[in-house]
Amino acid sequence: MRPAILNPLFAPLASLPGVGPKTGKQFDRLLERGAEGARAIDILCHIPHATIDRRERPKLRDAPRDQIVVIEARVVEHRAPTGRYAKGPYRVLVEDDTGDMQLVFFHSNVEWIQKSLPVGETRWISGRLELYEGHLQMTHPDKVLDAQGLARLPPVEAVYSLTEGLYQRTVARAVQEALKRLPALPEWRDPRWLGQRSLPGFIEALTRLHTPGSPADVAPDSPARLRLASDELLANQLALMMVRARMRDDNGRATQGDGRIAAKILAALPFSLTGAQTVATAEILADMASDKRMLRLLQGDVGSGKTLVALLAMTAAVENGRQAALMAPTEILARQHYERIGPMAGAAGMRVALITGRDASTQRRRTLAELAAGEIDILIGTHALFQESVQFADLALAVVDEQHRFGVHQRLALGEKGAAVDILVMTATPIPRTLVLTFFGDMDVSTLREKPAGRQSIETRAMPLERIGDVIEGLKRATAAGAQAYWVCPLVEENEELELSAAQDRFEDLARIFGDRVGLVHGQMKGRDKDAAMEAFQRGQTQVLVATTVIEVGVDVPNAVIMIVEHAERFGLAQLHQLRGRVGRGSGKSSCVLLYRAPLGEIAGGRLGIMRETEDGFRIAEEDLKLRGEGEVLGARQSGAPGFRFADLSVHADLLPAAREEAAKALQNDPGLTGERGEALRLLLYIFEREEAARLLRAG
Ligand code: ADP
Ligand code: MG
């Protein structure tokens, strides 16, 4: 149970004054709390992205354009729309001794405008100053004040990102109301450390972030942000260490296969294991055979053959008379694992089943019954595997694919599905060591650096968008010869609707040329439609698949030999590499065309250059780090999982060592977190919603 002192933080946002049912929904959207509903803590974690600094009072001639400014000006005249322009805006001309500007109001309350802006009077007008057809103007000033009003205004104000329908003042009000309700909290940090870095207390930091005294207070390196980011990292490290300690403490069970099923699988393969696969498999089997609990990361580039290694590990569990589970982040991937592993495992005598969120209920009930009875050896699925109804007879090994999409608690939940379950995490994104620590805690790592033999290199070209006609001609020739291609559409930052319409437009264009041999798949399609589109492509029914980045992870169609990425300059290096990894899976010659909008910026140009130069995922990850800093290698878009709200590793990575040290020390001194400081740290865990770890303490 969450300590009651924190209740005001987790109260529904809609319970705050000024937030109604309708604005409540808009807040849910803004704070990405759709189904669960936003809470006070969520708005407090909504970091202002800028400030309005009203301390400066620039003259019109010198005022910065396209920024929010406060201008002191005399009202010259009102220009109500008339005659032919009756539907036009209401304008008010104002001036200072350096120039004039128009205030522009669409569909506004004329009475209010006339009252607030009397001709001949001086007013302080705050808003975004723009240059429009050579004239200065301000459309819908956010404030029009007289001297008294000005005196009441805070000199510096936080500015928040918004969602449609929400206003700055609504968000600001909700934030201030939430701040008012903050309880007094004990200090959980080491006071010496706080003193050394001159960092404020937690509540003080939150307050300063939202009530800045200067623009510097909201910058990523402000003392307020550093405090909050470092608290978040501390919570993260504590949680990871506690989970790990729990997992390692649980006496593991030795799981050892006799190799008889593995031998059948290997004999049926048309190839032999790579050296790297052999080593990784041996490492994993040794972990499983020991009576310590396994917590191992298997990292290997796309196409390096991780799935087979995982299958051999699962086979060992089955040989030992126990069960294994494989969890994938999406339905498509779960299904694909099932289709590829199923036949191999089946031929060797193992029973494999699939469970997703969309199974028919009778089928599902049967699968669950067989699972509980031990009649299923390997269960493959999505996060549906976590559900309570899923009970194994004797789960020995849980394999989690593309782990960084899942959170700690999910990993834990799977581990709890059996006694001392061994855990193997697979990731295709080579991850630098510091990030492994942040995201996974201390894990053992096996790496597949070598690719299976016989892989042809992928010819990679970068071309300006103007040459799209040539690309389409090439595509016509290739598809006529039977090849299949992906066409990935531009990523539109933070705007799924635009992203979608770009993909739809491209799909319609290509459909005019290729007719019904073109398919479309995007993130907002219903699961069934998405599967149908993927299946049509997998079966070769469609030859060109237009997609948004939903195909980024794991999809395997060996006949797909062409990857076209439109607006490649908008993608990160890791993403481009993942996308390119979708081709070059069969024995045919593959190619990748990176279409970019010229002129290329320096970083984008650098990325495309590296893509042309190398296919080595590890080198690409290193170059990516150099180009963009650590944070973005597993940026929000690619990871999603750790859900940092204040910490941005590209800025705050250097806070990590201290957080690790502090977490380790705290747990060493007080493993149950029962002392005074321990109690405070528990609050921290709850505030950053790492309570699964806090719950462990109680259980353990
Ligand atoms: P990953 O999951 O690491 O992206 P996969 O396991 O999907 O890679 O393997 C990619 C492809 O390579 C699959 O078609 C698989 O059958 C094949 N493959 C795996 N191991 C080998 C090997 N040792 N030699 C040749 N091909 C292999
Ligand atoms: Mg894979």
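Note that these values count all heavy atoms, side chains included, but never hydrogens, waters or copies made by symmetry. Whatever order the structure lists them in is the order used to number ligands and atoms, beginning at 1. The model shown is predicted, which means the values in this text are computed figures rather than measured ones.
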Counting heavy atoms only, which part of Thr307 comes closer than 4.0 Å to ligand 1: side chain, backbone, both or neither?
-> both
Arg597 atom CZ, over 12 foreign heavy atoms within 6.0 Å = no
Proximity of Met426 to ligand 1 by residue part, where a heavy atom lies under 4.0 Å | neither
Keeping the roles fixed (side chain from Asp291, backbone from Ala254), state whether a donor-acceptor pair exists under 3.5 Å.
-> no
Under 4.0 Å, heavy atoms only, figure out whether ligand 1 is touched by the backbone of Ser272, its side chain, both or neither.
-> backbone
Please could you name the atoms of ligand 1 that Gly305 approaches to less than 4.0 Å, counting only its heavy atoms?
-> 1 (P), 3 (O), 5 (P), 6 (O), 8 (O), 9 (O), 19 (C)
Residues Thr367, Gln363; criterion side chain to side chain donor-acceptor pair (under 3.5 Å); working and verdict | CA-CA 6 Å; Thr367 305; Gln363 168 64 40; 3.2 Å; yes
Under 3.5 Å: N/O of Phe271 near N/O of ligand 1 = no
Verify, without hydrogens or angle tests, whether Arg580 (side chain) and Met611 (backbone) share a donor-acceptor contact under 3.5 angstrom.
-> yes
Mark the output for Gly581 as yes if a heavy-atom distance to ligand 1 is under 4.0 Å, and as no if none is.
-> no
Counting from 1 in the order shown, the ligand 1 atoms closer than 4.0 Å to a non-hydrogen atom of Leu273 are 23 (N)
Residue-ligand contact Gly300/ligand 1, heavy atom below 4.0 Å | no
Thr274 neighbourhood, listing ligand 1 atoms whose heavy-atom distance to it stays under 4.0 Å = 23 (N)
Counting heavy atoms only, which of Arg340, Met344, Lys306 is nearest atom 7 (O) of ligand 1?
-> Arg340
With sequence neighbours left out, what residues match Glu331 under salt bridge (charged side-chain N to carboxylate O under 4.0 Å, His left out)?
-> Arg335, Arg358
Residues passing the salt bridge (charged side-chain N to carboxylate O under 4.0 Å, His left out) test with Arg449, sequence neighbours excluded, are Asp616
With a 4.0 Å cut-off, would you call Arg322 and Asp422 a salt bridge?
-> no
